[in-house]
Amino acid sequence: MPTNASARRWWHTHAFGVRLAGAFFSVCISILWVGTFDRNEKGTNIIWLANGLVLAFLLLAPRWRWKWYLLVSFVAMLLGSVIIREPPAMSLVYNALNLIEVLVGAVLLKRKSTDLPIFTDAGYLLRFVGFACLLGPAIAGIPFGIYMHLARNEDFLGVVIGWALGDGVGIAVVAPTFVAILHSRMRKTHLLRKRWIYPVMVLAVTVFVFSQNRAPILFLVFPFLVLVLTQIDLGWAALSTMVVAIIGSWYTMHNRGPLALATSVAPEWKNTLLQLYLASAMFTLYSISIVFGNLRKTQGELRQIAALHKLVVDNSRDAIILGDLDGTQTYVSPGIRTLTGWDPKDLVGRSSRELIHPADAVEVDLALRALRAGSEGGTLEYRARKRDGDYFWVEGSLRVYRDPATGRPIGYLNLVRDISERKRSEEHLQSAYRAMESLVVVDALTGISNRRRFDEALASEWRRALRDGDKLSLLLIDADHFKRYNDTYGHVRGDSCLKQIAEAALDVVLRPGDLVARYGGEEFAVVLPGTDENGARAVAEDICQAVRNRRLPHEGNAPGIVTVSVGCATIIPQRGKSQQDLIESADQALYRAKGRGRNRVVVAGVPFRPEPAPQIVEVPKTSNGE
């Protein structure tokens, strides 16, 4: 503790001096950094960092201390200019204009000593861009352009634009970054420790983008800057942008990177393009940070509104009922009159059971019993009786309340609301769901057409065959001894067996106009338009064989495997007949197939011929007894 107290006292005493020293060294280092770059023939750099540093210190410092920061910064700029061998006259002009530029932005942005920069505020951001990034550099660039035009006969407009862009981008990148650092907006070091990969990705992608001359892929840097912004914060995103500026400037000044592809563009315009790129990057980050800031603000307001709303809703429902744990009502709010027509005084002292539908009374009794046993409460739905004798649906939110002195449960609070409309909506939805379910034409288990689709298809094919005078065949297929299969192997295996029978039929029935459907239970149907008796029998035999080929074990069936019986019927539709006649013929044929020993095909109208007994197939059992 003494050590921490001493450190705090030392910092309180020397904080201003430390900040001044930090301003001096950071500005001096920024000048030296610029000196490491080649300078173009116009005498301007791609990005000027020193002004952004000075502006950051001024925006955070009280106005009465600005003179010290300006003095220290001017000395640092002069020292840096001497070290990089800047001509003295040029150095004085440069640095004086730099301080004028910074002072313009600082004065217009910080009109009171207590004002602090808020770059996530849309209004402040617009003022920052207008005053610090545009107006200040323009005011300083005009006299510099006049000086360069008179002293060196350089183009006035080009010098002004170069100055304004270089300084404006430098301020846009550096000032928010160092404001975030100096104002402790980068406290989320725990996020940086967890998500350090995102700044590293920015560094890697930037080096990759600017170290190659093959493709103009500058846009690749933007998503990674946005990742740093969203995953950490604006301070680290701005710092990452400054890293992009440093790397991009170095490569561009050495005629490397994507901008080197623009061979028809003068070097100074390449610098301008890079400056615009960096400015757009910072503007994008600022814009996104504003959106996120507004979103967080809105979320906070919504949480407050939700908390207030919850408080009101939980304690001021349509009717409030207090009662003891035996169910006797001790207080009923006036809202009960609107709900039921009962006057509150008519219900006080009466049991809650008297107004509850007999079918729902047991559920309410159980809820009260749970409260007596120590439950804190719950929500239930029941029907309550109105004064005129009608019942309506209500939702009761039961909560136990306790003796303030002892904490012992002494009664319950029931917040009652009318949910009749919701119940009607639920009933309508259920009716709509059932109606929709009846329209579904695919069998949920096997994936083939269901009975509804079969009826529609058979009726349609019947009408078509009646119009064309064509033949129409129908197969009815039944799984042999399927009840025994379910009893032996269980319903899950039974469902799987039905799926395999359906798949076997689909493997055989390949014509687009044919239809395989689940007829009901373990029965299937196949509609074969334009097929005569021989064709129908051939398809039926193939289906039987396809099922046998699957060799599904069935101990309750004589062959030892799953087999099917098929009844075939063929008809030429005529007036006075219907598709029901075809179904009955196929069903009678199926009945005869079962009577003759199953595992066979019987065609309606074909006389009985003895058939060889089905061959019994020995199916080896697996390790699990299948």
Side-chain angles (χ1 to χ4, degrees), residues 443 445-449 451 454 473-510 514-528 531 533-570 583 585-604 606 608-622 624-626:
D443 180 61
L445 175 63
T446 60
I448 62 176
S449 298
R451 176 63 180 270
F454 165 78
S473 294
L474 175 66
L475 310 182
L476 288 183
I477 306 168
D478 185 78
D480 296 333
H481 297 299
F482 190 71
K483 184 179 183 305
R484 296 181 188 175
Y485 188 92
N486 273 338
D487 293 341
T488 303
Y489 302 101
H491 289 281
V492 174
R493 291 276 299 278
D495 290 347
S496 177
C497 176
L498 293 178
K499 292 179 184 178
Q500 297 226 35
I501 293 174
E503 292 173 1
L506 289 175
D507 290 341
V508 173
V509 181
L510 300 177
D514 298 342
L515 176 75
V516 178
R518 188 176 180 188
Y519 192 70
E522 66 271 20
E523 292 186 343
F524 299 86
V526 180
V527 179
L528 300 171
T531 305
E533 293 88 344
N534 294 331
R537 183 182 185 94
V539 172
E541 294 286 0
D542 290 344
I543 291 175
C544 287
Q545 187 60 45
V547 173
R548 288 192 293 265
N549 289 342
R550 293 190 174 240
R551 300 178 62 82
L552 302 176
H554 187 354
E555 295 179 358
N557 196 23
I561 58 175
V562 172
T563 59
V564 295
S565 300
V566 184
C568 303
T570 301
I583 295 174
S585 296
D587 187 61
Q588 292 174 3
L590 176 61
Y591 181 78
R592 294 207 310 272
K594 291 180 180 181
R596 296 179 187 178
R598 293 182 168 82
N599 188 20
R600 66 192 66 232
V601 175
V602 171
V603 179
V606 177
F608 171 73
R609 297 192 304 272
E611 299 182 21
Q615 182 181 359
I616 297 178
V617 180
E618 294 292 337
V619 179
K621 292 186 177 181
T622 61
N624 59 3
E626 297 182 357

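Please read all numbers here as calculations on a predicted model, not as lab measurements. Below, all heavy atoms of this structure are taken into account, side chains as well, without hydrogens, waters or symmetry copies.
- Here the side chains of Val562 and Ile501 are in contact, with some heavy-atom distance below 4.5 Å.
- Contact annotation: the side chain of Glu523 approaches that of Leu590 to within less than 4.5 Å [non-hydrogen atoms, C-beta and beyond].
- Classified by interplanar angle (parallel below 30°, tilted 30° to 60°, perpendicular above 60°), the ring pair Tyr485/Phe482 is parallel.
- In this structure, the side chains of Val527 and Leu474 come closer than 4.5 Å at one or more pairs of heavy atoms.
- For Asp480 and Arg600, the salt-bridge test fails: no basic side-chain N is under 4.0 Å from an acidic carboxylate O.
- Looking only at side-chain heavy atoms (C-beta outward), Asn557 and Arg484 stay at 4.5 Å or farther from each other.
- Proximity of Phe524 to Leu498: side-chain heavy atoms (C-beta onward) are separated by under 4.5 Å at one or more points.
- For Arg518 and Phe454, the positive end is not near the middle of the six-membered ring at less than 6.0 Å and at most 45° from its axis.
- At distances below 3.5 Å, at least one donor-acceptor pair connects side-chain atoms of Asp443 with backbone N or O atoms of Thr446.
- The side-chain heavy atoms of Leu528 and Val539, taken from C-beta on, include a pair separated by under 4.5 Å.
- In this structure, the side chains of Val602 and Cys568 stay at 4.5 Å or more apart for every pair of heavy atoms.
- Without hydrogens or angle criteria, His481 side chain to Glu555 main chain gives no donor-acceptor distance under 3.5 Å.
- Not one N or O on the side chain of Asp587 forms a donor-acceptor pair closer than 3.5 Å with the backbone of Ile583.
- Glu503 and Lys499 are not joined by a salt bridge, as no carboxylate oxygen comes within less than 4.0 angstrom of a charged side-chain nitrogen.
- Within the 4.5 Å cutoff, no side-chain heavy atoms of Thr563 are placed close to those of Val547.
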